[in-house]
There are 2 protein chains.
Amino acid sequence: MAWNKVMPANPVVAIAGATGAVGQEFMQVLHDLDFPASEVRALASARSAGKKIEFAGCGQVPAGELTVQEMTSESFKDVDIALFSCGAGISKEMREAVVASGAVMIDNSSAFRMDADVPLVVPEVNPGDVSWHSGVIANPNCSTIQMVVALKPLYDIAPIKRVVVSTYQAASGGGAPAMEELYGQTKDFLNGDELKVEVFQHRIAFNCIPHIDVFLEDDSTKEEWKMVVETKKIMGDENIAVAATCVRVPVLRCHAESVNVEFTGEVSVEAARKAFEAFEGITLMDDCSSNIYPMPGLLAGTNDTYIGRLRKDSTVEHGLAMWIVADQIRKGAALNAVQIAQLLLP
Amino acid sequence: MAWNKVMPANPVVAIAGATGAVGQEFMQVLHDLDFPASEVRALASARSAGKKIEFAGCGQVPAGELTVQEMTSESFKDVDIALFSCGAGISKEMREAVVASGAVMIDNSSAFRMDADVPLVVPEVNPGDVSWHSGVIANPNCSTIQMVVALKPLYDIAPIKRVVVSTYQAASGGGAPAMEELYGQTKDFLNGDELKVEVFQHRIAFNCIPHIDVFLEDDSTKEEWKMVVETKKIMGDENIAVAATCVRVPVLRCHAESVNVEFTGEVSVEAARKAFEAFEGITLMDDCSSNIYPMPGLLAGTNDTYIGRLRKDSTVEHGLAMWIVADQIRKGAALNAVQIAQLLLP
């Protein structure tokens, strides 16, 4: 299905899941980027309908309160861009209504990411892929986004053979309730009170859980599988082998990743450093002599993908090791989605 | 220098650094293993001399209080085994006095680990190496110990070509003050108070620090270097390539490691599982269907090396991925040292 609508210069933007952690950040990012919206519509479940949310304004929309509306299939009349973050089930349920209304759905869930007719886009990596959408563009998984941003400038020097990645993922990946669980459990732990485990599979306070999303038949997790298949799709290269281990750590909202990359040709540390410095969206934060490297606890609220601990991995012929940090709610979700929306502007 | 003393069946044991986190654990482990000591002598700096420490007893030593004595070069008279954990500097300073007294020094510091005349021993892996000591046996680095325990049974199926490891290391690696810093900072963070950073390079509460020990010329850390060179020495194979990234996480006293191993020949998941189950010192804790895998927050005080998330890594010809957890103060330090002492008994 070809998409032949013309995007207006001042689109109407709907936020589906406006009361969630990512939904709240959609509004913050629309403001921060001064997205040229003519209207911003806050949608959520019936439970939140009528709730007032502060919005700092963007484009033609003044600062003020937005009233949350219940999301139904009627909610997308006149909407041009629908930013979705309310889980795969609701995205699937609403897709037809959104597309029928003429809006482009930018979906943060995993519902459509691997569909052949849905581009999976990280603006720094494959911006051109927005051109072939047919009403839905998928936002990749948070841990994939920051990794492919870091891989892209290196890939442009020499194609990548294999990536081994271990993640240090923040509580925010589980939404606002997960962040509250980390805080609440930590308090209870320090006070010697009984811990409540509701959002995560196990206690997260002072712990690491090597399990994110569900287990698959090969004993990998779906989160790990996402990093494997999404990386290939976004980078447009089926030959990139990714071995991923995804781990939840007691950090609030930035993911970190330890990554070893094996290239098909020479990529020196110096060349990688230059490529990172020249790349939009990356901040190289790498000075061992001054103990400077990115850390997830100290980068909340930032937009870039931060890279440090860059060094040669001499255990393979052409190898580099690095440490990547990005704000999971911003670059890993809301910011990337709004950046996709920017690509749609005329 | 050959060592030709006969170890008595009931040795006199000195604990150097008795008031530290590992020193305290030495005493707990001596009790737990009912080490057949005839005397246990608690040594520490002048600052701690006179302090009383509870000891639960072991061998011929009844439960009761030990009085800490100031450690001097005279402290080792009649001592048979000296368990050291007070930093590389003091180990170097005391080595001559200990060895001259006829005691065997089992040293937890990094002072002598790579010396050609000092065996580096993990009892499950290379127990035979105690035979050629000349007065000093080194206890490996904590993160190395748990990794080689996991690698050994696999190596016995097929030699290892390359290991990529990312660690999730507990505060306890920095000693008791580091554990207190994690607790104190976390409290202060939750209360909105100013955070004090004294032991670690940066805040550790709700953060990950990709930096343990000092940086080396190649921009790796000394902790990472230890995992590379100690693994080769303990496993007795210079051809094992290790790429390590060592990261401090806000966990109290167990280290976790995400490890991808590439073998020179086939090692199936099934064969690995059987080898782990048959191996002394390993507990396989691996049942995805019930969300069972080892976690560092829940295994404090245990003796074994725990392995979970065992799965095929199909990004290389012969690959496995796994997740390894062990108590850093016990198997990573005190327990391993006392197990070495057990190997010295007649």
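So you know, we letter chains A, B, ... as the sequences are listed, proteins then strands, and number each from 1. Scope of the values below: all heavy atoms of this structure, side chains included, with no hydrogens, waters or symmetry mates.
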Return yes when atom CD of A:Glu277 has more than 12 non-hydrogen atoms of other residues, nucleotides or ligands closer than 6.0 Å, and no otherwise.
yes

Is the CD atom of B:Glu194 crowded by more than 12 outside heavy atoms at less than 6.0 Å?
no

Between [options], which shows the greatest number of heavy-atom pairs under 4.5 Å with chain A?
| options | value |
| --- | --- |
| B:Leu298, B:Val247, B:Leu299 | B:Val247 |
| B:Val325, B:Ile204, B:Asn291, B:Val316 | B:Asn291 |
| B:Val164, B:Asp286, B:Val163 | B:Val164 |
| B:Lys161, B:Arg162, B:Gln201 | B:Arg162 |
| B:Pro296, B:Ala241, B:Pro294, B:Ala170 | B:Pro296 |

Considering heavy atoms only, which positions within residues 206-224 of chain B lie below 4.5 Å of chain A?
B:Phe206, B:Asn207, B:Cys208, B:Ile209, B:Pro210, B:His211, B:Phe215, B:Asp218, B:Asp219, B:Ser220, B:Thr221, B:Glu224

Taking ring pair (Phe, Tyr, Trp, His ring centres under 6.0 Å) as the test, write out the residues that go with A:Tyr168, two or more places apart.
A:Trp323, B:Tyr168

From B:Asn260 atom CG to A:Thr245 atom OG1, the distance as rounded to the nearest 0.5 Å:
5.5 Å

Rounded distance (nearest 0.5 Å) linking atom CG of B:Asn191 with atom CG of A:Leu190:
9.0 Å

Pairs of heavy atoms under 4.5 Å with chain B: top-ranked of [options]:
| options | value |
| --- | --- |
| A:Lys187, A:Arg203, A:Arg309 | A:Arg309 |
| A:Pro250, A:Ser314, A:Ala256, A:Ser289 | A:Pro250 |
| A:Ser258, A:Cys288, A:Ala321 | A:Cys288 |
| A:Leu252, A:Val269, A:Leu182 | A:Leu182 |

Measure distances from [X] to the heavy atoms of chain A and classify the residue's part below 4.5 Å as side chain, backbone, both or neither.
| X | result |
| --- | --- |
| B:Glu257 | neither |
| B:Ala300 | neither |
| B:Lys312 | neither |
| B:Val242 | backbone |
| B:Ala243 | both |

